[in-house]
There are 2 protein chains.
Amino acid sequence: MKVVKFGGSSLASAEQLKKVLDIIKSDEERRFVIVSAPGKRHSDDIKVTDALIRYYRAYTSDQDVTERQNWIIQRYKTIVDELNLDYSILEKISESITKLATLPIEGNPFLYDTFLAAGEDNNAKLIAAFFRKNGLSARYLHPREAGIIVSSEPGNARILPSSYDKLEELRNEDDILVIPGFFGVTANNQICTFSRGGSDITGSILAAGVKADLYENFTDVDGIFAAHPGVVRKPDSITELTYREMRELAYAGFTVLHDEALIPAYRGKIPLVIKNTNNPQHPGTKIVLKRRSNGLPVVGIAGDDDFVSINLSKYLMNREVGFGRKVMQILEELNIRWEHIPTGIDDMSIVLRERELTPIKEEEIVSQLTRKLEVDHVDIERDLSIIMLVGENMKSHIGVTATATKALSDSNINLEMISQGSSEVSVMFVIKTENEKKAVRALYRAFFPREDS
Amino acid sequence: MKVVKFGGSSLASAEQLKKVLDIIKSDEERRFVIVSAPGKRHSDDIKVTDALIRYYRAYTSDQDVTERQNWIIQRYKTIVDELNLDYSILEKISESITKLATLPIEGNPFLYDTFLAAGEDNNAKLIAAFFRKNGLSARYLHPREAGIIVSSEPGNARILPSSYDKLEELRNEDDILVIPGFFGVTANNQICTFSRGGSDITGSILAAGVKADLYENFTDVDGIFAAHPGVVRKPDSITELTYREMRELAYAGFTVLHDEALIPAYRGKIPLVIKNTNNPQHPGTKIVLKRRSNGLPVVGIAGDDDFVSINLSKYLMNREVGFGRKVMQILEELNIRWEHIPTGIDDMSIVLRERELTPIKEEEIVSQLTRKLEVDHVDIERDLSIIMLVGENMKSHIGVTATATKALSDSNINLEMISQGSSEVSVMFVIKTENEKKAVRALYRAFFPREDS
């Protein structure tokens, strides 16, 4: 039993939907289909979700909405026409879109979510009709009927743990269920959307709920590469990756799936595969709890910029019980999220993302460290990048750090900081951003040797 | 103007005291002489300070003290005889020692300190007399007269900042001043001893107080070695070392001077030299604020054992604002001092000295981390050692970490953790204790190449 999720670009046109149909037909285990709103057909195109935002703005600012409505309805109509679907489905979609502009504006915190959710919702209706027309016993299912009951947090809904029992009952359904992603309903029957990673979250929840054997996430890439293809020429694609490895890579810039979307599947121990709608024969990248070793210590190399470091030192810092906690307290009171705190004996660095450090907060931190904690020295280092060398197998490979540091040193790249914790899933290097690409390339060459280079 | 401090083994016998006299005579800048109590003459000998402790115990438990007193007086008498000193000095010493057993026991928190301090105090009297007899214009000075006024914390006295003005006046004295180390007097005129590093602290305070050009600390070794001579055969001795480097090395097991003793000299920016009373021609090891590069990136390699690591992981830990602070709060409430906290994305290690983690505290930490912070996993790793690779010049040497990790890897030593902060004065490796000596040797070979190895 598989839960299959398709992203917006996989559902943007009739041509794409035919690929989706073939994918569902080719494996009868594919029983739950989670769909996004139609995405862009070409780079200048407008996503249906963005069109719904414009529609919402027009409606709430009391402008004429006819043009906005028509654009959206027309967008669906193009697909309905190309697929030769019965117009009854278009009428339903049209009605749904038009009806949005009759909902109360005042005292309705769920209005924006309701507008946005219509993109996925109507696409699910359309796709269910398309499946049926092509001989599949398929049915559209609203998240309300599915049992995706969420917290009342507009734009940031969280699945209620009690939902899972109801979701499990869906296992007994005979039809292929086509369910819109991106939103659930509150206990008071309001539409409420998830945060970033929208439809991916729905897929992840469904997979955990129905205890799927696999959660297939169809995108427009052949899975995840061992390094960014914009930095390393034709990097290897990764066959298998653990959830922990995925997290470490996502942290430092790998953005195929938003990591929050992975939580339900991770907790439910459901393996996930990232596949390409346009190349479904490609095995893609499987994300699992545990994986077999492929003989290589490193699975991927990620790099991300816009980090800064607050470096402080104080003679005999190490002797002060509570010093570290006090530093952290200052950061927390200023609502600053830090990333790492490598420590020497009398010095400590606080590595954080640049956006966390506004000029006002920076001044306040320096002032508090100097005044309250009486540090001898504090400075701020900017333009830093983090390089993550990731791989569960590193722990059984003596010398990974040696190979990595030698590769960086041979490329004349100075290490600002280095941190390797006990988990040994990753080694983190902090370097100057100007060296980031050079560093990723050097590390890639060191850990992914190939004949043609 | 130099402040010169002699340790117990430099003052244990007439033979040693003659060396001390030569040292003082050979440089007229040596104007302040800080002395310890007589130390051991051979490995089975008893230090005067330890004899004073036995004397104190006998007195406070109402036993006969005559034998204890006589042993101590006899100890000084041997030196007086060997040096042919006038018996008037021995009478003073004898009176001082005997008088201790007349002091009030009840309600006297300074009694123990007063007993202990008598070792240094009487030795200073003896040495001043010895200097005078040999033509030096020297004079004994009690810390009370010198102006070493300290806080009322028996066994843990701290110099009062106001003392420094009075101390500076000592610059105008014509005599060579012989001052007992290890203690000061409180504002209420009570004898109060410093904590660990006793006489070294007095020397350090004096050096800062009189704004000395140099603080000479005479011991029985030719200074500091680049690695422990018990681990590495005939290691290089270090010519020059910065205070920061000294701190990092002291942290991981280098114990020539207790680092707390260095604070006054460090704050006063007084350079310090560690020299050998038995080999005063040897330049020793100079500890300075800044040093010239000697071309080597690493100045010393230290290793210390008895560390443990609390390793914890939690999926999406990284997203929880305040997680690190909460961990630290738990540790602080249990009064546990931690050393380092290397972090991954979803994991964190807390490295601490084994003595901090009693079984009860261990249980409490694990319980609180699991219950309050809901970590997914926590384990305790024991038998760890820390290896510190220290050198201010590392920051200008790309590749130090590469060389170090390669040396460890070539010796088949797995790195449990590695941390290099922004200061780049040191790189810290955490390894299994069973590999500690092997690691120090491997690193020594890598950074201190020599022809005969």
Side-chain angles (χ1 to χ4, degrees), chain A residues 243-244 247-248 251 259-260 263 266-267 309 311 313 315-316 318-319 321-322 324-325 328-329 331-332 335 337-349 381 388 395 398-399 401-403 405-406 408-410 412-428 430, chain B residues 243-244 247-248 251 259-260 263 266-267 309 311 313 315-316 318-319 321-322 324-325 328-329 331-332 335 337-349 381 388 395 398-399 401-403 405-406 408-410 412-428 430:
Chain A
Y243 275 97
R244 293 210 301 172
R247 268 283 292 154
E248 306 266 339
Y251 172 79
D259 47 14
E260 228 166 77
I263 307 175
Y266 169 78
R267 301 255 184 235
S309 171
N311 305 323
S313 64
Y315 199 64
L316 294 183
N318 170 272
R319 293 288 187 79
V321 174
R325 199 263 311 149
M328 253 141 254
Q329 191 96 44
L331 295 171
E332 197 177 344
N335 199 26
R337 180 182 297 170
W338 52 270
E339 303 291 327
H340 303 280
I341 31 173
T343 46
I345 309 308
D346 289 339
D347 57 88
M348 170 182 277
S349 294
E381 205 177 345
M388 300 287 298
K395 55 175 156 287
I398 291 180
T401 312
T403 304
T405 47
K406 181 169 187 309
L408 294 173
S409 163
D410 287 351
N412 243 23
I413 296 166
N414 210 5
L415 292 174
E416 303 297 311
M417 294 171 221
I418 169 171
S419 177
Q420 176 197 308
S422 64
S423 79
E424 294 186 45
V425 183
S426 65
V427 184
M428 182 194 81
V430 179
Chain B
Y243 275 96
R244 292 211 300 173
R247 268 283 291 155
E248 305 266 340
Y251 172 80
D259 47 13
E260 227 165 78
I263 306 176
Y266 168 79
R267 300 256 185 236
S309 170
N311 306 323
S313 64
Y315 198 64
L316 293 184
N318 170 272
R319 293 287 187 79
V321 174
R325 199 263 311 149
M328 254 145 252
Q329 191 97 45
L331 296 170
E332 197 178 345
N335 199 26
R337 180 181 298 170
W338 52 270
E339 303 291 327
H340 302 280
I341 31 173
T343 46
I345 309 308
D346 288 339
D347 57 87
M348 171 183 276
S349 294
E381 205 178 343
M388 299 287 298
K395 54 176 157 284
I398 290 181
T401 312
T403 304
T405 48
K406 181 170 187 309
L408 294 173
S409 164
D410 287 352
N412 243 22
I413 297 165
N414 209 6
L415 291 173
E416 303 297 310
M417 294 171 222
I418 169 170
S419 178
Q420 176 197 309
S422 64
S423 80
E424 293 185 46
V425 183
S426 65
V427 185
M428 182 194 81
V430 179

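Everything numeric here is computed off the predicted structure, so don't read it as measured data. In what follows, every chain begins at residue 1, and chains take the letters A, B, ... in the order their sequences are listed.
Chosen from K406(B), R267(B), R247(B), the residue pairing most often with chain A at heavy-atom distances under 4.5 Å is R247(B). Looking only at heavy-atom pairs under 4.5 Å with chain A, the residue among Q329(B), R325(B), M328(B) that has the most is R325(B). Listed options I263(A), V430(A), N335(A) were ranked by heavy-atom pairs under 4.5 angstrom with chain B; first place goes to I263(A).
Counting all heavy atoms, side chain and backbone alike, S409(B) lies closest to G399(A) at OG-CA, 3.3 Å. Closest of all the heavy-atom pairs between T343(B) and E339(A) is OG1-O, 3.8 Å.
For a residue to count as touching a neighbouring chain, one of its non-hydrogen atoms must lie under 4.5 Å from one of that chain's; by this rule E332(B) touches chain A with the side chain only. Using a 4.5 Å cut-off between heavy atoms, L331(B) does not touch chain A at all. Of the atoms belonging to D410(B), not a single heavy atom falls under 4.5 Å from chain A. Contacts between S419(A) and chain B at a heavy-atom distance below 4.5 Å involve backbone atoms as well as side-chain atoms.
Looking only at atom types and distance, the side chain of T401(B) has no donor-acceptor partner in the side chain of T405(A) under 3.5 Å away.
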So D347(A) and E248(B), side chain to side chain contact (heavy atoms under 4.5 Å, CB included) or not? Walk me through it. CA-CA 10 Å; D347(A) 57 88; E248(B) 305 266 340; 3.9 Å; yes
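For R337(B), there are no salt bridge (charged side-chain N to carboxylate O under 4.0 Å, His left out) partners two or more places apart in sequence or in a different chain.
Ring-plane geometry between Y315(A) and Y243(B) is classed as perpendicular, the angle between the planes exceeding 60 degrees on a 0 to 90 degree scale with a lower cut at 30.
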